[in-house]
Amino acid sequence: MSELQLKANLSRPDDFYAALLAAHEGLSKAESDALNARLILILANHIGDQSVLKQALSAALAARHPAGGNT
Amino acid sequence: MTRIFETPLYPYRRSADQDSSEPAHHGVVVIGAGPIGLAAAIDLALQDVPVVVLDENDKVSWGSRAICFAKRPLEILDRLGCGDEMVEKGVVWNLGKVYFGDRKVYEFNLLPEEDHKRPAFINLQQYYFEKFLVDRVLDLQAAGKPIELRGRNTVTALDAGENGVRLTVDTPDGPYSIDAGWVIACDGAGSPVRSMMGLDFVGRVFEDNFLIADVRMEARFPTERWFWFDPPFNKGQSALLHKQPDNVWRIDLQLGWDIDKEKEKRPENVIPRLKAMLGDDANFELEWVSIYTFQCRRMEKFRHGRVIFAGDSAHQVSPFGARGANSGLQDTDNLVWKLKLVIDDKAPESLLDSYDDERILAADENILNSTRSTDFITPKSEQSRVFRDAVLDLAGHFEFARPIVNSGRLSVPAIYDGSPLNGPDVAVMPARSRPGAPCADAPIADGWLLSHLGNGFRLLTIDADAPDHIEIDGIGIDRLALSARDGRAPALSERYLGEARSAVYLIRPDQHVAARWTAYHEENLRLALRKATGRARQEPDQEDDER
Ligand SMILES: Cc1cc2nc3c(=O)[nH]c(=O)nc-3n(C[C@H](O)[C@H](O)[C@H](O)COP(=O)(O)OP(=O)(O)OC[C@H]3O[C@@H](n4cnc5c(N)ncnc54)[C@H](O)[C@@H]3O)c2cc1C
């Protein structure tokens, strides 16, 4: 079973982040939601491996709450 | 002209049982003469098991119901002796088109695998389907087989004991009682028998309504399945157009949840909806209009002692994927040979529990598939609609998204993996023919493989020696000896040999594989037959992996 990559893996994190925001610029909330959905599906297909995708879903769900102590 | 669904096909006739002072006894009583009850009764009669079918009605199915019948049920009908009528009358189709809004996002071809006698699907009105089954019942009767079909005989009460069941039956001449050794309850999704026994039927209701119309028209549309998501003529909802014989077209229009059903059903409201879809100049006549809400649910167990549920009474699915009648036929295909062995005292009653094991597995598979289709077609949350629409948008551009589009995953038979009846397997043989799988058809020297299998246990040998007939514990097994050596049977070899050079298959009366080896050993066959008939104790696993 392949492991989900949760260590830093983006070659250029700032550039990717900027590109992501740029893609959403000028879109309505509905258009943005649709774009996100298409993007998720494209990336999921690229990954392909169902076990990796399930790990990604769990990781995304787990990060709903801030990590660390409850101070 | 009287149409077949208006004609009493098995009108009420007073039976001698009604004048008997003591309730008459019958080996098997089938309740319900829908597609499943009729198929069960034909199967029993073919095996010379006396059977009486009771139905509260005397006609075929009323309203828009099943139209798509898949390959496996057609093969079962061949075994029952009425496949040809169905396929000759039916419409064969392979091409489907999917639209989103006003654009076609893609089309698919079912691309049925070659070298099968039967097509992947036919479309045929349920009333024809039932009519051909009733014809078959009458033919069997004329040939002296022990089968009786009693119209306008409504079961009103049932008392299930350990060794039999007493039924109270209402008729135009008043009530009478009969005793049945076994009851097969095929009385449909609303099963009165289920309620009489206080049994559960749990699952999910989809909060949506569908207008289902069958219209007669001379249309220029091709023989294809057209499915629309969010079409301009039915904004925000879905639609389906599919061809049936006699220029009848099936139309499904999703309507949403909060509607006035009575109002929507009136022709003055239906006709404008259909014209919006078919064009203002479309010239059609309404055959049926109904409004349905769909559900997916099943009984916790299908067998309750001497009462066994089959078809919609045991499980119900939404029609996306055509799994209702198609799976019900596989229920009785699975049940009847087991019941015959139990009645003949050649297998323990517990063999019937494997009906639950195998058909509940199949029902869960069908429920899972049709639930997923329904969730895709009728998204129930904002996010599920966002993803659904994203898939459809992507499908228009990229190949990868097309397999995610789900307008119904069409019915395929279940493979009974893990069934307690399964015997040894051979790893190098094709997975599709592993124990538990239904045999795939293949052309052989004199016709088709499947027409040589079924009704009894068979030993299929490919380039292997074995006796032509063997009797084990009172069960006769005939051999079907084939060869793949001359290269003239590539399909047979691909479907049954794989990497092996020879093969011996034990095949059940329902044409499912029980066990397979590369060579014949009587002792192995004996053990596998015991297992397949529910008489196995714990045995050491016997693997046969020689080539
Ligand atoms: C719109 C729609 C589309 C469908 N499309 C498909 C499809 O394409 N393919 C497919 O495979 N399936 C399809 N189905 C499902 C299919 O119609 C059913 O699965 C099938 O009819 C089930 O058959 P059955 O014999 O179990 O029950 P039923 O057909 O419901 O028959 C039950 C019988 O029991 C009788 N009965 C009831 N109570 C009593 C009583 N107390 N005493 C005596 N008799 C009684 C009734 O009169 C009836 O004849 C569709 C269904 C719908 C609604």
Side-chain angles (χ1 to χ4, degrees), chain A residues 1-70, chain B residues 98-108 227-232 234-238 256 364-365 368-369 371-409 412 415 417 431:
Chain A
M1 189 177 90
S2 296
E3 280 277 321
L4 174 71
Q5 173 61 269
L6 286 172
K7 300 255 159 56
N9 190 40
L10 290 167
S11 55
R12 296 157 66 172
D14 291 349
D15 287 353
F16 165 70
Y17 194 74
L20 186 62
L21 293 194
H24 280 276
E25 220 161 80
L27 299 188
S28 68
K29 169 82 168 85
E31 287 166 340
S32 264
D33 283 351
L35 172 65
N36 280 337
R38 291 197 298 274
L39 186 63
I40 289 170
L41 292 165
I42 287 169
L43 296 175
N45 179 66
H46 184 82
I47 293 167
D49 184 333
Q50 174 76 0
S51 75
V52 175
L53 292 169
K54 280 172 90 173
Q55 293 171 60
L57 283 168
S58 313
L61 276 170
R64 215 170 5 174
H65 305 297
N70 42 2
Chain B
V98 176
Y99 296 84
F100 181 35
D102 51 10
R103 290 157 296 140
K104 182 172 90 181
V105 287
Y106 81 109
E107 55 181 67
F108 61 87
F227 198 97
W228 289 263
F229 294 98
D230 196 12
N234 196 25
K235 278 290 317 136
Q237 313 284 4
S238 67
D364 285 345
E365 206 170 282
L368 181 73
N369 277 291
T371 299
R372 286 175 170 179
S373 301
T374 313
D375 281 340
F376 192 89
I377 292 166
T378 67
K380 287 295 173 291
S381 72
E382 202 186 318
Q383 275 309 314
S384 64
R385 179 173 291 271
V386 167
F387 277 112
R388 201 281 304 271
D389 290 353
V391 167
L392 291 168
D393 275 329
L394 290 166
H397 295 269
F398 308 115
E399 190 271 333
F400 89 83
R402 291 170 199 164
I404 313 176
V405 176
N406 191 343
S407 67
R409 299 276 180 240
V412 288
I415 296 182
D417 282 323

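So you know, we letter chains A, B, ... as the sequences are listed, proteins then strands, and number each from 1.
Atoms CG and CZ, on A/D33 and B/R385 in that order, are 13.5 Å from each other to the nearest 0.5 Å. Residue B/L394 holds its CG atom at 9.5 Å from CG of A/N45, rounded to the nearest 0.5 Å.
A 6.0 Å sphere centred on CZ of B/R402 holds more than 12 heavy atoms belonging to other residues, nucleotides or ligands. For NZ of A/K54, the number of neighbouring non-hydrogen atoms (other residues, nucleotides, ligands) closer than 6.0 Å is 12 at most.
What you find for A/L41 and B/A390 is that their closest heavy atoms are CD1-CB, 3.8 Å.
If you measure heavy-atom distances from B/D389 to chain A, you find no contacts under 4.5 Å at all. Of the atoms belonging to A/I40, it is side-chain heavy atoms, and not backbone ones, that fall under 4.5 Å from chain B.
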